[in-house]
Novice: 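One structure follows; several queries about it will come next.
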Amino acid sequence: MDYTAAQRAAISTLDDPLLIIACAGSGKTQVISQRIVEILRRPGVRPENVVAFTFTEKAAAELKNRTLELIEHDLGPIHGLADMYIGTMHGFARSVLQTWVPETFKYAVLNEIQNRLLVDRNSNKCGLTTAKAMVKGTSRPLWRYKESGLFMQVVGILREDDIDQEKIPEDLDEALGMYRTVLHSLRYFDYTELLRTTVDMLESDPGDSMAGPLVRHVRDAVRYVVVDEYQDTNHIQERMIQGLCRFGANLCVVGDDDQTIYQWRGSAVRNIQTFTRRYPGVRSVTLDDNFRSSPAVVSLAQTVAETLVDDRLAKNMVASGHQEFDRGDLLAVEFSGADDEAVWICDRIAALRGTPFRDDRDEAPRGLSWSDMAVLFRSVAKDADPLVAELKRRDIPYVIKGLARLFDAPEIQACVTAFSYIIGESGADDVRDSWNAADIGLDAADLTAGLKVLDEAKNWQPGARWGSYTLQRTYLDFLEAVGLREDTVPSADGTVRGELVFYNLGKFSQAISDFEQIHFQSDPARKYEGFVRWLTHHAPGYYAESDADVGYATPDAVTIATVHQAKGMQWPAVFVPALRKNRFPSKRQGGINVFHVIPENAVPDAERYRGTEADEARLFYVAVTRAQKYLALSFSPGGSSMYARRSVFFDLATRNPNVLTAAPPVRTVARLEPRPRHELPDVTLSFSELKYLFECPYQFKLRFLYGFNPPIHEALGYGKSVHDVMAEIHKRAIDGDLASAAEVADLVDRHLNVPFAYPALREQLRDAARKAVSRYLAENRGILGQTLHSEQQVQVRVAPGITVDGRIDLIRRLDTNETSIVDFKSTERAQAEEVTRDQLHVYVLGYQELTGRRADLVEVLNLDERSRSTREVVDESLLGDIQNKIRNAGEALRANDLPRHRHWCKACATCDLAGICRDKPA
DNA sequence: CTTGTGGTTATTTTT
DNA sequence: TAACCACAAG
């Protein structure tokens, strides 16, 4: 790989704090990866010394894969790569807490929807009504349900930003305290609390009793910190970075202040703009070669960037790629209506298809295909309808993000009707009508069977345990009774409808899980009623987007996306329609916002949350720089007078000399056969996902691609709790601190978290856990001191782009001096023996990757006294087989080839989802 | 060029 | 409910 002088400078600066200003298309990911390789090349540096942050999981997967590829190529096999962290800051926080702070082991992380359900359910205890909004000079409390979203934003900002405590009203501070108390008493982190807890600990003294191990780990292990997309970091994230570097780790931040587009999350462009002032001795490198776009696209982007005057970091993007500019590539066209605009875009898409295009300088040209084109909107939800209709009319394939609303789907409406039947708000005829309207291949007899399930759910017995009436159970039973199958969903055109319907039904299953996680402990009558109430009033707003983007395989289709979603991507041809005043740039929004609750002067530069003209210009800059060669901007007046005028961005573009305002007649170039660029998606699987994939590919699809969840079990959390106890015991054992029998009760009490158990069950589980741990200690105390690793992160890269990662429960040395890999099982729940054997042999591979050594034995230690433990010698022949098996499974996943088993088999017998897969044998 | 009024609209999304 | 825009009036 040839690097430019600037790239080489960035790659080789390893000792001074480094700021890399990376223009769009400047090969940023490659540079970061290569720099990590150079770090690892240094004598004495181990992979665990490196921590690299990205903004999203997707970016992390890309960076990780690129880095591993380079390492393989430049350094050959090196060990311990599983200890190198490349991921999001939230992921890092979770991982270090999980490793170093036993007190946090039992915490679960809430997603945003569960978070909001929690706030609504505990609105008084959470401080929702204690917090007050200042409206027209008088204060009033916030509304439950209606303003709980606002409340969450408020408690988010209060914990993430650099707040002037003096200016916070007492009642608001109290509300925040109440909210945090509720979170902690239920053992939950929200995304913010996860970061806050970690950051607060990172800033503690190395001798601190709780945070000490974490701080000492950072002090001893973290030597190089890399932060990508630095312009999108906010105050708490900056604190996290400082916490990691406080013992002298080298810091490298990478970003582009012109591409800050997440300001409403509180990201502070100032972090990157003032970086050189805040860290002493910073070396600054600007990557201003754009290898992606033609000179004309680059010049237009420059025009946009130059409107951003204040405090912009100096840079001068130059086109250095191989794309050539031909007059007519850049257009800014006006239309009298959105329909004309849509027709024109489709015409142009059709005309561009088959046009010769070179992905690389010295590669033969290929014909452009559907997936080489993208249409980017400021708001897909508001503006994309006419285009979608036209694409549909012409049978041009497209994938769209963020338009269809989940609860508008007829099959979801039918689900809602089924639950409202249970609480007596709909009749049997309503249920039949709604499912018939969904047209998913059910006949009258199927629905009769389904109604029987719903009738049973109606008849809960007062006094019976609440946990036996789970919504998820009812839902899955209903789907099983009606005999729904993916391949019997009728479809007019192709085979995709079954997939879409199952995707939506899977999402509904997730919605049930979200609700039930928070409302499990309500009595059946209230739970079902509350659920229906939530489904009709609140859920539709929460689950706004249902993208039918199922699987890893990328279809050959035109992309319709928002500019935000397009960040980090590129296409040969890009369209940016609906460039209307008040939409793009977007006008400010009315209604009450966080600053009606938080005094504006308590937050530094509070303006940044609201979004400015400059922020919109940055967004437009991002849109323009996605194009490699063809870029068509267009305007048509929208429905009302508000959107009747042209955007300033459109006018700005027309002033650029490379832009034509009318499309020239199509040049007659030799057309080629359209051939989409073949890009293999990176696949990273956890061990448990892999287990499902081995067991049954279709079950994997139902669970992880569609999102179907099994019902919550009352004892859920027990296995994890015992696991956590073992983890603490072994971590202490490594430090030479052997737990005694007298500590068992205390250990169990600290880690036991069974939120869905009724009181008697909880006692029973506590007792079982104590027994299991005592028995384990009694039987293994002798070799506790020979613990090598506990909860060890491992990673196996079986093929380029296919990685498996996970944690090994325990690695220990036996008295025979053999190394043994141990997996704990704590419940009777059977798992096929060969699956366990496979899993353990994957661990063996992981351990070998980590240390270069081969383990001798694999053990399953059953902590449940009624099950047996196993101990086997590592099977050499199995190790090769398993690699192939993983590779094949990964390839199948990439190709979206996830079939069900041909016949009912052992896996079906234990599968929670068999009922929506096939008929059970008599 | 400023001010008042009535009408219209309320985005983006990651963890 | 709040904020902003377009347009008209002064």
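Sequence lines set the chain letters: A, B, ... in the order given, protein chains first and strands last, and positions in each chain run from 1.
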Novice: Looking for any heavy atom pair under 4.0 Å, which part of the strands does A/Glu57 touch: base, sugar-phosphate only, or nothing?
Specialist: sugar-phosphate

Novice: Is a salt bridge present between A/Arg116 and A/Asp514, judged by a nitrogen-to-oxygen distance below 4.0 Å?
Specialist: no

Novice: Nearest-Å distance, OH (A/Tyr188) to C1' (B/dT15)?
Specialist: 18 Å

Novice: Applying ring pair (Phe, Tyr, Trp, His ring centres under 6.0 Å), name anything that partners A/Tyr643, two or more places apart in sequence or on another chain.
Specialist: none

Novice: Would you kindly give the NZ-to-C1' distance between A/Lys567 and B/dT13, to the nearest whole Å?
Specialist: 12 Å

Novice: So A/Val227 and A/Val225, do their side chains get closer than 4.5 Å, heavy atoms only?
Specialist: yes

Novice: Respond yes when some side-chain nitrogen or oxygen of A/Gln565 is under 4.0 Å from OP1 or OP2 of B/dT13, and no when none is.
Specialist: yes

Novice: Tell me, please, which residues at least two apart from A/His537 pass ring pair (Phe, Tyr, Trp, His ring centres under 6.0 Å).
Specialist: none

Novice: Sequence neighbours excluded, which residues qualify as ring pair (Phe, Tyr, Trp, His ring centres under 6.0 Å) partners of A/Tyr191?
Specialist: A/His90

Novice: Between A/Asp257 and A/Arg270, is there a salt bridge with N-O shorter than 4.0 Å?
Specialist: no

Novice: Base, sugar-phosphate alone, or nothing: which one does A/Asp232 contact when heavy atoms must sit under 4.0 Å apart?
Specialist: nothing

Novice: Can you check the A/Arg608 CZ to B/dT12 C1' distance for me, whole Å?
Specialist: 17 Å

Novice: Once you apply a heavy-atom cut-off of 4.0 Å, does A/Arg645 come out as touching a base, just sugar-phosphate, or nothing?
Specialist: sugar-phosphate

Novice: Which nucleotide in the set B/dT15, C/dA6, B/dT12 lies at the smallest distance from any side-chain heavy atom of A/Ala381?
Specialist: B/dT12

Novice: Nearest-Å distance, OH (A/Tyr85) to C1' (B/dT15)?
Specialist: 10 Å

Novice: How long is the line joining CD of A/Glu616 and P of B/dT12, in whole Å?
Specialist: 11 Å

Novice: Contact between A/Glu334 and A/Glu341 at the side-chain level, heavy atoms closer than 4.5 Å - yes or no?
Specialist: no

Novice: Using the test ring pair (Phe, Tyr, Trp, His ring centres under 6.0 Å), find all partners of A/Phe620 that sit at least two apart in sequence or belong to another chain.
Specialist: A/Phe584, A/Phe649

Novice: Should the pair A/Trp100 and A/His217 be assigned to parallel (<30°), tilted (30 to 60°) or perpendicular (>60°) ring geometry?
Specialist: parallel

Novice: Grab the CE-C1' distance between A/Met240 and B/dT15 for me, whole Å please.
Specialist: 11 Å

Novice: For the pair made of CG in A/Asn593 and C1' in C/dT1, what is the distance, rounded to whole Å?
Specialist: 12 Å

Novice: Counting the atoms with a prime plus P, OP1 and OP2 as sugar-phosphate, which does A/Thr562 contact under 4.0 Å by heavy atoms, base, sugar-phosphate, or nothing?
Specialist: sugar-phosphate

Novice: Mind calculating the distance between CD (A/Glu112) and C1' (B/dT14) to the nearest angstrom?
Specialist: 9 Å

Novice: Using nucleotides 7-9 of chain B, report all nitrogen or oxygen pairs with the protein that are shorter than 3.5 Å.
Specialist:
residue: B/dT9; atom: OP1; partner: A/Ser640; partner atom: OG; Å: 2.3
residue: B/dT9; atom: O3'; partner: A/Tyr643; partner atom: OH; Å: 3.1

Novice: Could you tell me whether A/Asp190 and A/Arg159 make a salt bridge, using a distance below 4.0 angstrom between a side-chain N and a carboxylate O?
Specialist: yes

Novice: Identify each atom pair where a protein N or O and an N or O of nucleotides 1-4 of chain B are less than 3.5 Å apart, giving names and distance.
Specialist:
none

Novice: More 5' along DNA chain C: A/Ile592 or A/Lys581, using each one's nearest nucleotide?
Specialist: A/Ile592

